[in-house]
Amino acid sequence: MTNQVYSLSICARATLDMHSLNNEGSEGTQIQTRMVDIVGADGQLYNVNAISGDMFKHIQAEHLYHIARNGQGLPLCAACQVFDANRISADSEYTTLIKGKSDVEAIDLMLKRCTLDDIEGNLITADRSTPRKSVVEFGWVVGLPEATKTDSYFHVKYMTERGEAARTAVSEEEARKANLGQTPFHRPASSGIYAVVSHHEINRIGFNDISRKYAINEEGRKNRYKALLESLVYTFIHPKGAMRAAQLPHIVAFEGAVTYTTQVLPAPTVSPLNAAYLEEIQCIASALNKLHPGAVHVERFATLGDFAELMQELIETSSPFAMTV
């Protein structure tokens with residue numbers, strides 16, 4: 001029997017070494033890594049390295065874009081076909097079509113025309129200000145205080161700058177010395193165990209929140225659901241971000257749980273900043289299953305390979321929940 005998934009969550013600990021996926025900018029020749037203040041499971045304040053949820057959502061959206069472009073029958077608006085950050089608001093044909101239309105009609109047309117706008121959300125800014133809430137939700141990916149460290153490493157960039165000395169040099173050696181400059185700078189790299197939480201409102205794929213009706217058919221919703229789950233796998237197999245040309249992250253470990261529900265209730269999440277998060281998730285699931293028998297499913301994984309196999313099985317054996325409309 002095929003499960004209809006209403007809500008799906010991922011809670012995991014990811015071990016990433018020597019990465020610099022998310023930075024705050026630079027000060028002089030020092031690149032500033034992103035640090036946040038958190039309260040640990042012991043109730044104490046800590047300052048730790050973190051990767052923003054915005055970064056991971058962008059990673060997932062880019063993977064979804066490539067899946068949609070790969071000939072799987074997933075529509076994209078003209079702007080999303082070139083991965084325009086403004087999405088359908090930059091699609092001139094769409095903005096012309098919705099002139100004089102109601103917000104319900106504008107959202108319906110958006111959902112029919114574009115997979116990315118449906119799943120990732122958007123704010124329609126052409127002739128109105130109408131939001132489409134994202135199906136996908138990512139929390140900050142936060143380093144465990146006792147197991148995460150950021151260091152700064154010295155680098156030198158060699159530059160050639162032609163000046164008067166180079167132009168008036170009387171020998172090749174003098175010209176070479178005059179052209180050679182050095183710019184020292186410091187580049188951060190972080191290593192550690194990171195807490196990951198994400199939640200996905202599967203039931204809302206193709207759903208118009210204003211009219212409370214689905215704008216696309218069941219087959220279209222199922223295709224988008226499968227693409228979403230596939231994009232989540234790629235998000236953790238290949239996390240994109242800053243400075244990957246020379247600091248591609250070492251993905252050492254990925255372990256945690258995927259929770260999903262087959263009735264109208266949210267898939268539970270507990271932050272992996274709590275060492276007992278897996279036991280807490282199981283306890284919540286047991287309690288909810290007493291209220292709604294068989295509604296909450298908890299699938300643990302110990303490796304990135306286990307996670308990929310689990311998601312592959314969900315792709316092949318489940319479908320998106322359809323709310324009564």
Side-chain angles (χ1 to χ4, degrees), residues 5 8-23 34 49-72 74 83 115-116 119-120 134-144 147-148 189-200 202 205 223-260 267 269 271-272 277-278 298-318:
V5 176
L8 183 144
S9 295
I10 300 169
C11 301
R13 286 185 169 186
T15 302
L16 302 175
D17 282 344
M18 298 303 291
H19 77 88
S20 190
L21 290 173
N22 205 181
N23 299 309
R34 194 172 295 275
N49 176 245
I51 308 164
S52 71
D54 286 334
M55 177 64 75
F56 265 81
K57 191 167 186 291
H58 181 80
I59 294 167
Q60 178 271 321
E62 186 173 350
H63 284 303
L64 180 61
Y65 159 74
H66 287 299
I67 293 168
R69 291 278 291 170
N70 196 33
Q72 296 197 17
L74 298 173
F83 207 51
T115 300
L116 274 179
I119 292 177
E120 307 300 334
S134 175
V135 168
V136 175
E137 300 169 342
F138 278 98
W140 283 77
V141 177
V142 183
L144 272 62
T148 306
S190 301
S191 298
I193 301 174
Y194 290 79
V196 177
V197 290
S198 67
H199 174 251
H200 312 279
I202 303 301
I205 295 174
N223 288 339
R224 293 183 188 187
Y225 166 69
K226 290 182 176 182
L228 168 58
L229 295 195
E230 189 175 347
S231 73
L232 289 171
V233 177
Y234 300 154
T235 297
F236 297 108
I237 289 177
H238 187 204
K240 301 185 178 184
M243 303 181 69
R244 289 182 302 119
Q247 290 183 202
L248 186 69
H250 290 257
I251 306 171
V252 178
F254 191 62
E255 59 185 21
V258 173
T259 65
Y260 64 92
T269 62
S271 173
Y277 75 103
L278 290 173
V298 180
E299 303 289 348
R300 295 192 184 190
F301 55 89
T303 67
L304 190 55
D306 289 345
F307 172 70
E309 288 183 354
L310 168 60
M311 297 297 279
Q312 171 262 325
E313 184 175 350
L314 277 173
I315 289 170
E316 293 186 349
T317 63
S318 65

Which atom of Ala50 lies closest to which atom of Val142, heavy atoms considered: CB-CA, 4.2 Å

pair Leu144-Arg13: side-chain heavy atoms closer than 4.5 Å: yes

Any Trp140 side-chain heavy atom under 4.5 Å of Arg34 side chain: yes

Close side-chain approach of Ile59 and Leu21, heavy atoms under 4.5 Å: no

Nearest non-hydrogen partners of Ser198 and Thr269, listed with the distance: O-CG2, 4.3 Å

Side-chain touch Asn49/His19, heavy atoms, less than 4.5 angstrom: yes

Exercise: identify the closest heavy-atom pair between Arg224 and Ile205: CB-CG2, 3.8 Å

Student check: side-chain heavy atoms of Ile51 and Leu16 closer than 4.5 Å: yes

Pairwise side-chain contact, His66 with Glu62, heavy-atom cut-off 4.5 Å (strictly under): yes

Pairwise distance OG1(Thr15) to CG(Leu304) - rounded to 0.5 angstrom: 11.0 Å

From CD (Gln312) to OG1 (Thr317), nearest 0.5 Å: 8.5 Å

Shortest non-hydrogen separation from Ser271 to Val197 and the atoms involved: CA-CG1, 4.0 Å

Side chain to side chain, Asn223 and Thr115, heavy atoms closer than 4.5 Å: no

Check against side chain to side chain contact (heavy atoms under 4.5 Å, CB included), Glu120 and Gln60: CA-CA 9 Å; Glu120 307 300 334; Gln60 178 271 321; 2.8 Å; yes

From Leu310, Val298, Leu229, Asp306, residue fulfilling side-chain contact (heavy atoms from CB on, under 4.5 Å) relative to Val258: Leu310

Flag side-chain contact, heavy atom, 4.5 Å: Phe236 against Val196: yes

Aromatic ring pairing Phe301/Phe307, orientation class (parallel under 30°, perpendicular over 60°, tilted between): tilted

Between CD1 on residue Ile251 and OG1 on residue Thr303, distance to nearest 0.5 Å: 12.5 Å

Donor-acceptor contact below 3.5 Å, side chain Ser191 vs main chain Thr148: no

With sequence neighbours excluded, residues passing ring-ring contact (aromatic ring centres under 6.0 Å, His included) with Phe138: His200

Heavy-atom donor-acceptor pair, Ser9 side chain to His199 backbone, under 3.5 Å: no

Separation of Ile202 CD1 from Ile119 CD1 (nearest 0.5 Å): 8.0 Å

Minimum heavy-atom distance between Tyr277 and Gly256, given as atom pair plus value: OH-CA, 3.3 Å

Residues forming a ring-ring contact (aromatic ring centres under 6.0 Å, His included) with Tyr65, sequence neighbours excluded: Phe83

Over all atoms of both residues, closest heavy-atom pair of Ala308 and Val233: CB-CG1, 4.1 Å

